[in-house]
Number of protein chains: 2
Amino acid sequence: MGRNTLGTLEQAVMMVILALGDGAYGVAIRDELSRRTRREHTLGAVYTTLDRLSAKELLESYLGEPTPTRGGRAKRYFKLTGEGRQALDHAVNTRHELEFGLDLAGKGV
Amino acid sequence: MGRNTLGTLEQAVMMVILALGDGAYGVAIRDELSRRTRREHTLGAVYTTLDRLSAKELLESYLGEPTPTRGGRAKRYFKLTGEGRQALDHAVNTRHELEFGLDLAGKGV
DNA sequence: TTCAATTTCTTCTACAATGTATATTCGACA
DNA sequence: TGTCGAATATACATTGTAGAAGAAATTGAA
């Protein structure tokens, strides 16, 4: 089964991780996702997606140092694996293939 | 009812319907979807999606005349409703927002 | 100095919505 | 009637989404 197809949120999260570069950890990902998406996302939703993508080895993570800010717990940073990057590229290509020739919404939100 | 968010397949099917214009009925949609997507999709998967989008009033359908070909049963044609078009545009815009600034896969598959 | 409150993060759990496949039904011919 | 194009029904897997609970670090009062 497990056709290696990515869901909407999965793709979105992966893109946000790329956009954040280093510094892509749970809360930051959630915030940037909400910003780009113009709607709120809960942390639970984000972490679940992060875990699933990690399980599929499309993401890898490593723990950072705790920051000296109040409550600053060690953050878990995420980045795409080679396989993840490939899967995302594939999804993007498929998307282009689908949009080809269509008169869709312009770039202006 | 749930969130007004479209899944990957839902968006794909809607785009294919736009691409087909008139002539967007089950089998044709399945074929064009498989072509653009470069992978096989079953009719069941397509019809289920079509039904769900119709239930959400993002699509509307009407029956055509049966063709004089052997087994040619009356086809059910689909088209986007205004609301459907809006939902798709919104999804496309969100997508652009997410892709913004990223160095993603080029057009070359 | 100790430790409970507070803050920031992460993990767990549960359920709704989508994705996907197979089987069944329907209606038109030959 | 049997077969073919097309649609419907049904079932289960994967994703999407929320809310609550658990952890680690800091602050500050006793």
Side-chain angles (χ1 to χ4, degrees), chain A residues 1-14 16 23-34 37 39-56 58-59 61-78 87 91 94 98, chain B residues 1-14 16 23-34 37 39-56 58-59 61-78 87 91 94 98:
Chain A
M1 287 162 230
R3 210 22 167 178
N4 83 332
T5 174
L6 296 172
T8 309
L9 219 211
E10 290 181 322
Q11 291 183 45
V13 166
M14 291 179 89
V16 167
Y25 74 101
V27 177
I29 293 172
R30 193 274 300 271
D31 292 347
E32 180 67 7
L33 181 66
S34 295
T37 263
R39 80 176 243 255
E40 293 307 307
H41 291 270
T42 61
L43 273 172
V46 171
Y47 278 113
T48 300
T49 301
L50 252 14
D51 287 347
R52 288 173 183 163
L53 288 173
S54 296
K56 289 192 281 186
L58 300 181
L59 291 184
S61 62
Y62 52 97
L63 287 156
E65 292 293 305
T67 55
T69 50
R70 180 186 179 93
R73 184 181 169 182
K75 301 178 178 70
R76 193 170 176 202
Y77 293 96
F78 292 84
T94 296
L98 282 164
Chain B
M1 294 239 269
R3 264 282 175 224
N4 174 344
T5 176
L6 295 173
T8 308
L9 219 210
E10 291 181 322
Q11 292 182 46
V13 165
M14 291 178 90
V16 167
Y25 75 100
V27 176
I29 293 171
R30 192 275 300 270
D31 291 347
E32 180 67 7
L33 181 67
S34 296
T37 263
R39 77 177 244 254
E40 293 307 307
H41 290 270
T42 60
L43 271 173
V46 171
Y47 278 114
T48 300
T49 301
L50 252 14
D51 286 347
R52 287 173 183 162
L53 288 173
S54 296
K56 288 191 282 186
L58 300 181
L59 291 184
S61 61
Y62 51 98
L63 287 157
E65 292 293 305
T67 55
T69 50
R70 181 185 177 94
R73 184 180 169 183
K75 300 180 178 70
R76 195 171 172 203
Y77 293 95
F78 292 84
T94 296
L98 282 165

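All chains are named by letter (A, B, ...) in the order of the sequence lines, taking the proteins before the strands, and each is independently numbered beginning at 1.
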Side chain A:T48 and base D:dA18 donor-acceptor under 3.5 Å: yes

5'-most by nearest nucleotide on DNA chain D - B:K75 or A:G44: B:K75

First encountered from the 5' end of DNA chain D, between A:T67 and B:G26: B:G26

What nucleotide among [options] has an atom nearest to a side-chain atom of [X]?
X	options	value
A:L9	C:dT20, D:dG16, C:dC9	D:dG16
A:A45	D:dA18, D:dA25, C:dA28	D:dA18
A:V27	C:dC9, C:dA28, C:dT20	C:dC9
B:T8	D:dA6, D:dT17, C:dG19	C:dG19

Once you round to the nearest 0.5 Å, how far does [atom1] of [X] lie from [atom2] of [Y]?
X	Y	atom1	atom2	answer
A:L59	A:D51	CG	CG	9.5 Å
A:L63	A:Y25	CG	OH	13.5 Å
B:E10	B:T5	CD	OG1	8.0 Å

Without decimals, in angstroms, what is the distance between [X] [atom1] and [N] [atom2]?
X	N	atom1	atom2	answer
B:D31	D:dG5	CG	P	12 Å
B:R73	D:dT8	CZ	P	6 Å
A:L50	D:dT15	CG	C1'	14 Å
B:L6	C:dT18	CG	P	8 Å
B:E10	C:dA16	CD	P	18 Å
B:I29	D:dG5	CD1	P	18 Å
B:R52	C:dT18	CZ	C1'	6 Å
A:L63	C:dT8	CG	P	19 Å

Produce the list of close N/O pairs, under 3.5 Å, pairing protein atoms with atoms of nucleotides 27-30 of chain D; give distances to one decimal.
from	atom 1	to	atom 2	distance (Å)
D:dT27	O4'	A:R70	NH1	2.6

Chi angles and distances behind the side chain to side chain contact (heavy atoms under 4.5 Å, CB included) call for B:R76, B:L50: CA-CA 11 Å; B:R76 195 171 172 203; B:L50 252 14; over 6 Å; no

Residue met sooner reading DNA chain C from 5', once B:T49 and A:D51 are mapped to nucleotides: A:D51

Distance below 4.0 Å between A:R76 side-chain N/O and D:dA23 OP1 or OP2: no

B:R39 side-chain N/O to C:dT20 phosphate OP1/OP2 under 4.0 Å: yes

Close side-chain approach of A:L9 and A:L33, heavy atoms under 4.5 Å: yes

Step-by-step side chain to side chain contact (heavy atoms under 4.5 Å, CB included) determination, A:T67 to A:K75: CA-CA 9 Å; A:T67 55; A:K75 301 178 178 70; 3.3 Å; yes

For B:S34, all residues meeting side chain to side chain donor-acceptor pair (under 3.5 Å), sequence neighbours excluded: none

Sugar-phosphate, base or nothing in reach of B:L43, heavy atoms under 4.0 Å: nothing

Candidates A:L53, A:T94, A:V13 - the one meeting side chain to side chain contact (heavy atoms under 4.5 Å, CB included) with A:L6: A:L53

